[in-house]
Amino acid sequence: MAFFPCCDQAPAEWIATSGEQWWSLVTLGPPGFPAYARLRFIPDPAYPGQSENEGAGRREAPSDTDQLRVAVKALLQRSGSPTEGYALLWDGWGEDAFPQSVLRTPRVVVPNREYYLCRVSLPDLVSGALEDSWQAETNHPTPLPAFIWPSDRSWCITKDIDPHWAGIGGQRELIDQLLTEPSLDVVTVEKNEKLPFYC
């Protein structure tokens with residue numbers, strides 16, 4: 001099995017008890033990283049009030065899951081971080097989306113969101129083996145993780161249900177390297193920057 005449900009919530013305490021304002025936490029991740037970026041799954045809206053259905057590039061872009069796998073692979077290669085990591089999965093996908101072993105674990109709670117915590121093999125997440133293992137138990141695809149990080153917490157990817165992008169926190173050199181990844185659309189995030197959203 002490529003994922004291991006966690007009854008002990010200690011690995012996620014740095015997120016749950018961060019004190020960060022909830023919307024910033026669930027969109028850009030926990031505070032404390034030297035640099036942050038956004039992985040845009042589709043281009044930003046061209047004008048205020050634009051619907052995501054009208055967003056350019058949706059049909060041509062790889063799936064959010066595929067882009068997330070590329071990002072995790074790049075982070076593993078460039079950071080030298082451990083291959084063991086963790087994922088928080090939003091409970092709002094419904095019970096059918098989760099294996100019973102996951103549903104039996106306590107939820108990690110932040111304001112306005114609750115998650116299941118799993119220990120995961122990050123290379124298995126990249127290769128799709130985690131997805132295969134999950135589907136074998138549920139007959140459903142793996143929900144897109146809301147948070148992914150290695151055990152040394154050297155970086156974190158955050159994906160809430162609403163934005164068309166994922167937040168990435170890490171060392172500035174790591175973020176700078178991600179900007180050059182040819183198969184990803186990554187842009188830096190400045191402090192107090194107004195972030196774009198579709199309606």
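- Put simply, CZ on Arg172 and CG on Asp176 are 7.0 Å apart, with the number rounded to the nearest 0.5 Å.
- Scored by the salt bridge (Lys or Arg N to Asp or Glu O under 4.0 Å) test, Glu114 finds Arg107 as partners (sequence neighbours excluded).
- Considering every non-hydrogen atom in both Ala146 and Tyr115, the closest pair reads CB-CE2, 3.4 Å.
- Residues Glu13 and Thr17 bring no donor and acceptor atom of their side chains to less than 3.5 Å of each other.
- With sequence neighbours left out, Asp44 forms a salt bridge (Lys or Arg N to Asp or Glu O under 4.0 Å) with Arg38, Arg40.
- The minimum heavy-atom distance linking Asp8 with Leu117 is given by the pair O-CD2, 3.6 Å.
- Taking the six-membered ring for Trp, His164 and Tyr198 have ring centres closer than 6.0 Å.
- Atom-to-atom distance recorded for Arg104:CZ and Ser101:OG is 6.0 Å, nearest 0.5 angstrom.
- No hydrogens or angles considered: nothing links the side chains of Glu84 and Ser151 as a donor-acceptor pair under 3.5 Å.
- With Tyr86 as the aromatic partner, Arg119 does not meet the cation-pi criteria of under 6.0 angstrom to the ring centre and within 45 degrees of the ring axis.
- Ring planes of Phe197 and Trp23: tilted class, angle from 30 to 60°.
- Expressed to the nearest 0.5 Å, how far CG of Asp185 lies from CH2 of Trp165 amounts to 13.0 Å.
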Check step by step if side chain to side chain contact (heavy atoms under 4.5 Å, CB included) holds for Phe33 and Leu174. CA-CA 11 Å; Phe33 288 109; Leu174 184 59; over 6 Å; no

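- Minimum interatomic distance between Ala71 and Ile157 (heavy atoms only, all atoms of both residues): CB-CD1, 4.2 Å.
- Checked against a 6.0 Å centroid threshold, the rings of Phe3 and Trp134 count as neighbours.
- A donor-acceptor distance shorter than 3.5 angstrom exists from the side chain of Gln21 to the backbone of Ser24, with no hydrogens or angles considered.
- Taking every heavy atom of both residues into account, Ser81 and Leu76 meet most closely at OG-CD2, 3.7 Å.
- A salt bridge between Arg78 and Glu173 is absent, with no side-chain N of the basic residue lying under 4.0 Å from a carboxylate O of the acidic one.
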Could you go step by step and tell me if Trp93 and Phe98 meet the ring-ring contact (aromatic ring centres under 6.0 Å, His included) rule? CA-CA 8 Å; Trp93 297 110; Phe98 295 94; 8.5 Å; no

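- Distance OG/Ser133 to CG/Leu125: 12.0 Å, rounded to 0.5 Å.
- Of all heavy-atom pairs between Pro150 and Pro82, the closest is CB-O, 3.8 Å.
- Connection of Leu103 to Val108 is established within a shared hydrophobic cluster, with ILVMFWY side chains joined at heavy-atom distances below 4.5 Å, either directly or through further cluster members.
- Considering all non-hydrogen atoms of both residues, Thr158 and Pro30 come closest at OG1-CD, 4.4 Å.
- Note: the hydrophobic cluster containing Leu25 does not contain Val109 (ILVMFWY, side chain heavy atoms under 4.5 Å, direct or indirect links).
- Within a 6.0 Å radius of CD in Glu95, no more than 12 heavy atoms belonging to other residues, nucleotides or ligands are found.
- At a threshold of 4.0 Å, the pair Arg113-Asp160 counts as salt-bridged, since one of the basic side-chain nitrogens sits closer than that to a carboxylate oxygen.
- Taking CD1 from Ile168 and CG from Leu75, the interatomic distance works out to 6.0 Å, rounded to the nearest 0.5 Å.
- Distance CG/Leu184 to CG/Leu179: 10.5 Å, rounded to 0.5 Å.
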